[in-house]
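See structure below.
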Amino acid sequence: MSTTLEGYNFAYLDEATKRMIRRALLKAVAIPGHQIPFGAREMPLPYGWGTGGIQVTAAILGPTDTLKVIDQGADDTTNAISIRRFFTRVAGVATTEHTAEATVVQTRHRIPERLLREDQIIVYQVPQPEPLSRLEPRRTETKRLHALADYGLMHVRLYEDIARFGHIAKAYDYPVMVNGRYLMSPSPIPAFDNPKMHRMAALQLFGAGREKRIYAIPPYTDVRSLDFEDHPFRPIRAPHACALCASTDTYLDEVITDDAGGRLFVCSDTDHCAERQATAQEAAE
Amino acid sequence: MYVAVKGGERAISAAHAWLDETRRGDPAVPELTVAQIEQQMGLAVDRVMAEGSCHDRFLAALAIKQAKGDLIEAAFLLRAYRTTLQRFGASEPLETSRMRLRRRISATYKDLPGGQVLGPTFDYTHRLLDFALAAEAGDAVAVPQAETPVAEVPRVTELLAREGLMQREAEQDEEPGDLTRQPLAFPAARPLRLQNLARGDEGFLLALGYSTQRGYGGNHPFVGEIRVGHVAVEFTPPELGFPIELGEIGITECQMVNQFKGSRTEPPQFTRGYGLVFGHGERRAMAMSLVDRALRAGELGEDITAPAQDEEFVLYHSDNIEATGFVEHLKLPHYVDFQSELENLRTIRRSAEQAMQEAAE
Amino acid sequence: MNGLTPGFADAGLTPGFADPVLDGQATFRAVLEAMSRPGRVQRAGSALRPPAPLNQAAAAVLLTLADADTGFAHDAGVAAEAWLRFHCGMPLVPGAQAAFVLATGTPPALASLAQGSEEEPQAGATLVLQVNALTEGTGWRLIGPGIETEHRLHVDGAPAGFVAAWAVNRASFPLGVDVVLCVGDRLAALPRTTMIAEG
């Protein structure tokens, strides 16, 4: 019996629960973008803190994996630390803050800037897996709409934005069509990250614990952000350079420096930013 | 620079240490024992067992101690423990007509077989703060003992049913679903709805039950019967093939009698709202019965117009572990999304200003 | 256990996974990788000695994924059935209702297996199909999700008419059947999204 925390199974979940999640994951991969209900369990972390992602990670993780956990793009945010500690405690796996070294990346709200590879899996924490939930709160209804591939509601919503604001006013959790069939929530990542999902080399898995659903995007699968011919999708980022690494093509956090309107912009992906700073330093030496 | 969230390793450890310190409070005050909580905060223990969906008084008391008295946090601790336990089978249905009763009241009959047993209740107390309790005069109170009712005490609803006035529940041969293992799907069968309500948040159930009384989906309820006491849990091991008693648990059962004006297939009769919860939890069992009855609107051919009748609304929002997690997760950082919204708003304002300028020119 | 007491050794059964937790995890990752990259061959179950005609990969897949919650249908005979049911405890059900179908000989028609429904296509069956050999880089041309340009896979022992039946399965997406091809301790998968052209 492999165990690292007395009284608990490897990776916390019991084997029957893992089998149930694993079966759901395989069907999720076979039906890209389709939400699969699963018997999500209570976890020792609260709902909303990433219980879906944690259950997916627990079901796939093995002793040879190296786990990276990020929240808001950073490894050192408190929730990321807490989840990383959890897996160190219950699975004894190696952890890293470097995207390049990770075999499994669990994330809340970001996709790393560095391109993910074929030998990596990214696990998204998802608060609300239903992309239509704000337009139709009833699951019985949205299930039917997905069955019919009837996404008119969402197109109307986006078109109303254009009529009102001149462009689509959805900045994060921007809906995508997966493999030309299922409308999917990319989780609350900024729309800036959406293009990274398209034909990504890595497998993408999504877990929603409270809503008890799992979905997936296989590698090299078409993921299109919804848009209109005359109003193409535009990823949004703050039009500045990172104050630390000078990057102009990464997603930035805005940091308020004083109460007199002072602010600066820094990379949200802390690992990527640190790497760029180190490279610049080496070049300077 | 804003550092409240980043660099958190030390912050987490320090926060946990501080939490431990505040839990203990002033070290000059004696520490609470788990046994004291279990004995003297019994109704809190009952609520945590119900919402934690695990009948274990010791663990519930421990959870209350660990949670500093935050009962939802305590229920969460208990749930997270419960989910790791091996599930070795399902018990036989509880036979509540053979309960060892501490309390049994009916609002529909002045007297009835088995009698009215008031039991330990706040019902007729005067809610005046009792400063004698502050003096901690810990002497046990002598309670006058009556003969406890024995043998089977018939259910009020059964008395009505024999007369043809109470709708009988359909026999279910099917193994009921288990929502701790399978996610809810709709329409949800009544056993699943009852499971959901039995561990639902007491405040949520109370508010919904109350709303049915105020005209939002109500059916003129009467308390047919509330019974509080202990009931045997029986289990049939496959290798034995007959049930054996595992022990007793404390429960509260409520059967609410509701009017029903009849439909094309059913004559006018009373219908039942049912509540059953761990421990002594009358408020919770009564609210559950009201909501259970309201949720039967669909099967009884009544119009679904009120929140309490809307199963998707009720069942998806009753669980306080899910609810507290998602509400409280808003305090986790959201600055990546907020940044997107900021840029988005700036862009919209720029184009709006531009448009206004152009219009002005 | 499962009415088969005493233990498996007394019943003449070979053991399942030496470490059910870690071997199950490793096998799952092999199947997940196979399903995510259709036509790429993975390894699983090298240490298993299941009774004939069950091969190691098929045995490992079922040990990893099947249990009391998954209906099962097969053509593998009494010895394999006793072994699988002892280790997994899965109930036997008619082929059209099975979550997992094991075919060691000619498989049932894909269209006869559970397809799922428009709202719940995930209820479509997984067919574990034993074949004679799997060779990458030649044979069928596979395209679809999980495949960058095209993967090639030669399947020796594929049932007659499989490619045509698969085209029908593919066309009914999102409904349909997913297939895990197994030989020895090697496996490859065909999720219902994959398109096959004869090489």
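Because only heavy atoms are used, hydrogens play no part in the values below, and waters and symmetry mates are left out as well, while side chains stay in. The sequence lines fix the lettering, A, B, ..., with proteins before strands; numbering per chain opens at 1.
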Quick check on [X] against chain C: is it the side chain, the backbone, both or neither that has a heavy atom closer than 4.5 Å?
{"X": "Arg22(A)", "result": "both"}
{"X": "Ala149(A)", "result": "neither"}
{"X": "Ala201(A)", "result": "backbone"}
{"X": "Arg199(A)", "result": "side chain"}

Among [options], which residue has the highest count of heavy-atom pairs closer than 4.5 Å to chain C?
{"options": "Lys18(A), His146(A), His34(A)", "value": "His34(A)"}
{"options": "Val29(A), Leu203(A), Leu25(A), Ile60(A)", "value": "Ile60(A)"}
{"options": "Pro218(A), Ala147(A), Gly62(A), Pro219(A)", "value": "Pro219(A)"}

Supply the atom-to-atom distance Ile217(A) CD1 to Ser36(C) OG, rounded to the nearest 0.5 angstrom.
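Ile217(A) atom CD1 to Ser36(C) atom OG measures 11.5 Å (nearest 0.5 Å).
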Supply the atom-to-atom distance Asp178(C) CG to Ile31(A) CD1, rounded to the nearest 0.5 angstrom.
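Taking CG in Asp178(C) and CD1 in Ile31(A), the distance rounds to 6.5 Å.
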Which portion of [X] sits near chain A, non-hydrogen atoms under 4.5 angstrom:
{"X": "Pro38(C)", "answer": "neither"}
{"X": "Thr126(C)", "answer": "both"}
{"X": "Ala18(C)", "answer": "neither"}
{"X": "Ala189(C)", "answer": "neither"}

Any donor-acceptor pair under 3.5 Å linking the side chain of [X] with the backbone of [Y]?
{"X": "Arg23(A)", "Y": "Leu65(C)", "answer": "yes"}
{"X": "Lys143(A)", "Y": "Glu120(C)", "answer": "no"}
{"X": "Arg19(A)", "Y": "Thr64(C)", "answer": "no"}

I need the minimum non-hydrogen distance between [X] and [Y], along with the two atoms involved.
{"X": "Pro63(A)", "Y": "Gln25(C)", "value": "CD-OE1, 4.1 Å"}
{"X": "Pro32(A)", "Y": "Thr193(C)", "value": "CD-CG2, 3.6 Å"}
{"X": "Leu32(C)", "Y": "Ile121(A)", "value": "CD2-CD1, 4.2 Å"}
{"X": "Lys27(A)", "Y": "Ala125(C)", "value": "NZ-O, 3.2 Å"}
{"X": "Phe173(C)", "Y": "Ala30(A)", "value": "CE1-O, 3.7 Å"}
{"X": "Arg37(C)", "Y": "Ala202(A)", "value": "NH2-CA, 4.2 Å"}

What I'd like to find out is whether the side chain of Arg29(C) reaches to under 4.5 Å of the side chain of Asp65(A), using heavy atoms alone.
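A side-chain contact under 4.5 Å exists here.
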Heavy-atom side-chain proximity of Thr149(C) to Tyr220(A) below 4.5 angstrom
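No, too far: nothing below the 4.5 Å cut-off.
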Contact leader toward chain A among Met35(C), Glu33(C), Glu148(C), Arg192(C), where contacts are heavy-atom pairs under 4.5 Å
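The option with the most such pairs is Glu148(C).
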CG/Leu115(A): more than 12 non-hydrogen atoms of other groups inside 6.0 Å:
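Result for CG/Leu115(A): open.
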